[in-house]
**Q** 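Can you read through this structure? Questions will come right after.
Letters A, B, ... mirror the listed sequences (proteins, then strands); counts begin at 1. Only heavy atoms go into these numbers, but all of them, side chains included; no hydrogens, no water, no symmetry mates.
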Protein chains: 2
Amino acid sequence: MKLSSQAQAFVLHFGEMGSRWGFNRTVGQMFALLTINNGPMNADQLAEALKISRGNVSMGLKELQAWRLIELHHQPGDRKDYFTAAGSIWDLARTVFEERRKRELDPTLTLLRQLLLTEPRDEQETVAQKKIQEVYSLLEMLDQFANTLSKLDEKDLLKLMKLGSGLNKLLDLKAKATGSVSKGSGSKKGTSRT
Amino acid sequence: MKLSSQAQAFVLHFGEMGSRWGFNRTVGQMFALLTINNGPMNADQLAEALKISRGNVSMGLKELQAWRLIELHHQPGDRKDYFTAAGSIWDLARTVFEERRKRELDPTLTLLRQLLLTEPRDEQETVAQKKIQEVYSLLEMLDQFANTLSKLDEKDLLKLMKLGSGLNKLLDLKAKATGSVSKGSGSKKGTSRT
DNA sequence: TACAATTTTCAGAAATTTCTGAAAGTTAAG
DNA sequence: CTTAACTTTCAGAAATTTCTGAAAATTGTA
């Protein structure tokens with residue numbers, strides 16, 4: 001199968017970017033190709049289109065399945081395994097998002113939780129402990145937020161993302177509606193510093 | 001400088017995770033160490049604590065500066081350069097977030113925009129084009145959302161993240177308050193497929 | 001200017017990751 | 001059971017990334 005120059009560019013780019021998302025170049029390419037291709041592809045077709053070995057394809061497919069990013073299909077009268085990207089673009093994005101959370105955030109939270117159990121022995125360790133606590137709080141909040149986001153359906157996600165600067169007002173709105181959260185001392189912007 | 005076993009674990013872990021965040025193991029370790037250490041450190045101290053070469057430290061510091069994650073300080077009467085993590089944990093998180101957007105999302109958007117300019121030549125390319133359009137829409141929305149988030153101050157971010165399941169209700173609230181966004185055809189939940 | 005302290009650079013070494021392809025494993029059909 | 005079609009595995013090769021350390025460059029001081 002010959003790729004159009006368009007498809008070629010798409011596939012190569014997601015190959016490079018892929019490593020950022022947690023898989024290697026070839027796996028990224030395979031996924032990109034399955035995403036833009038019209039209909040399922042089998043391992044030989046992938047190997048030929050991407051000019052990589054059959055064994056490499058096999059390993060890549062395994063990884064993509066572990067990420068739940070592709071699905072297996074069968075064509076009547078053909079013993080080969082065929083694959084497509086699993087679900088809509090939104091589904092794919094959500095899946096990548098969720099998997100990364102599980103693989104990156106969760107282990108870190110586990111470690112930090114453990115570190116926070118030991119008593120600091122001196123000044124140095126007390127400071128470190130405090131920083132670890134801060135990182136932990138931040139990451140845990142992120143984790144919960146990510147969890148919330150990944151449960152929203154496409155419609156609500158769309159709404160939320162489109163809010164833009166409306167988000168500010170919305171947060172005020174909420175504060176008023178519920179009376180929750182500190183009333184704050186106005187504009188404490190320049191506070192952070194080291 | 002000897003690291004406590006706590007610091008050791010923290011530093012090693014963020015070394016491993018670091019690669020996910022866009023820099024390599026040693027750079028991740030250096031950053032982690034500067035984050036939990038009480039006070040600034042110079043290049044020699046970093047090299048000794050992490051048991052890596054002086055040259056490696058120099059390269060790592062350069063990269064962390066490019067990420068705007070560390071700041072340079074000087075101690076009176078000492079010609080060495082001293083470094084600390086730049087700003088609060090929140091500042092650091094925001095910076096990493098923003099830098100990653102610039103380095104990953106933006107180039108992808110640029111490429112996709114370009115691909116969308118060429119006319120599809122056949123059925124196959126039409127399908128591909130359509131998929132590319134979907135990916136583009138999604139990523140652009142993400143990009144804008146990320147942009148919005150990174151402009152919120154710590155207080156509002158905190159509010160937003162703590163909303164949890166309240167987010168759902170909030171979105172409804174907003175819809176009612178403004179009358180904006182599609183009225184939708186009720187509950188199209190089961191559409192996605194896995 | 002001279003010099004000592006310090007940082008940066010970068011070629012090659014070391015470590016790590018990815019890829020290949022042949023062999024082993026699996027499965028459906030007759 | 002046997003065979004052919006297909007998939008997976010994995011040892012070693014290839015590619016890529018990271019690291020070292022000595023030499024070059026820079027900087028502040030006198």
**Q** side-chain contact (heavy atoms from CB on, under 4.5 Å) with B:F83: which of B:M41, B:Q45, B:E71, B:Q65?
**A**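 So the option named by the test is B:Q65.
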**Q** Base, sugar-phosphate alone, or nothing: which one does A:D44 contact when heavy atoms must sit under 4.0 Å apart?
**A**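 Result for A:D44 = nothing.
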**Q** Where do B:A146 and B:R101 come nearest, in terms of heavy atoms and distance?
**A**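 It is CB-CD, 3.5 Å.
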**Q** Do you know which two heavy atoms are closest between B:I132 and B:L116, and how far apart they sit?
**A**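 Closest approach of B:I132 to B:L116, heavy atoms only: CG2-CD2, 3.8 Å.
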**Q** Mind checking salt bridge (charged side-chain N to carboxylate O under 4.0 Å, His left out) for B:R79 and listing every partner two or more places apart, or none if nothing turns up?
**A**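 Applying salt bridge (charged side-chain N to carboxylate O under 4.0 Å, His left out) to B:R79 gives none.
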**Q** Taking only residues two or more places apart in sequence, or in another chain, which ones meet A:A93 in a side chain to side chain contact (heavy atoms under 4.5 Å, CB included)?
**A**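 Partners of A:A93 by the side chain to side chain contact (heavy atoms under 4.5 Å, CB included) criterion, ordered by chain and then number, come out as B:L138.
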**Q** Of the non-hydrogen atoms in B:F23 and B:E63, which two are nearest, and what is the gap between them?
**A**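 Nearest heavy atoms, B:F23 then B:E63: CB-OE2, 3.7 Å.
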**Q** Write down the atom of B:M30, the atom of B:V57, and the distance for their closest heavy-atom approach.
**A**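 Taking B:M30 first and B:V57 second, the nearest heavy atoms are CE-O, 3.6 Å.
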**Q** Taking atom types as modelled, is there a side-chain donor on B:S137 or B:Q133 under 3.5 Å from an acceptor on the other?
**A**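 A pair is found: one side chain offers a donor N or O, the other an acceptor, under 3.5 Å apart.
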**Q** Check DNA chain D against residues 11-28 of chain B and give the residues with a non-hydrogen atom under 4.0 Å, in numerical order.
**A**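 Heavy-atom contacts with DNA chain D come from B:N24, B:T26.
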**Q** Judged by modelled atom types alone, do A:E104 and A:T108 share a side-chain donor-acceptor pair under 3.5 Å?
**A**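 No, no side-chain donor-acceptor pair sits under 3.5 Å.
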**Q** I need the residues from residues 47-57 of chain A with at least one non-hydrogen atom less than 4.0 Å from DNA chain D; give them sorted by number, or say none.
**A**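 Within this stretch, A:R54, A:G55 sit under 4.0 Å of the strand.
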**Q** On DNA chain C, compare the nucleotides closest to B:M59 and B:N42; which residue's is nearer the 5' end?
**A**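 This one resolves to B:N42.
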**Q** Measure across A:L92 and A:A86 and return the closest heavy-atom pair with its distance rounded to 0.1 Å.
**A**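 Answer, listing the atom of A:L92 first, then A:A86: CD2-O, 3.0 Å.
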**Q** Of the non-hydrogen atoms in B:D81 and B:H74, which two are nearest, and what is the gap between them?
**A**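 That would be OD1-NE2, 2.9 Å.
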**Q** Between A:S53 and A:N56, do the side chains contain a donor N or O and an acceptor N or O under 3.5 Å apart?
**A**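 Not at all, the side chains of A:N56 and A:S53 share no donor-acceptor pair under 3.5 Å.
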**Q** Within 45° of the ring axis of A:W67 and under 6.0 Å from its six-membered ring centre, is that where the NZ or CZ of A:R103 lies?
**A**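 The answer is yes; both the distance and angle limits are met.
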**Q** Students should find this one: the first and last nucleotides of DNA chain D, 5' to 3', lying under 4.0 Å from a heavy atom of chain A. What are they?
**A**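 Counting from the 5' end, contacts occupy D:dA4 to D:dT16.
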**Q** Collect all protein-nucleotide pairs involving nucleotides 23-30 of chain C in which both atoms are nitrogen or oxygen and the distance is under 3.5 Å.
**A**
residue: C:dT27; atom: O2; partner: A:R79; partner atom: NH2; Å: 2.8

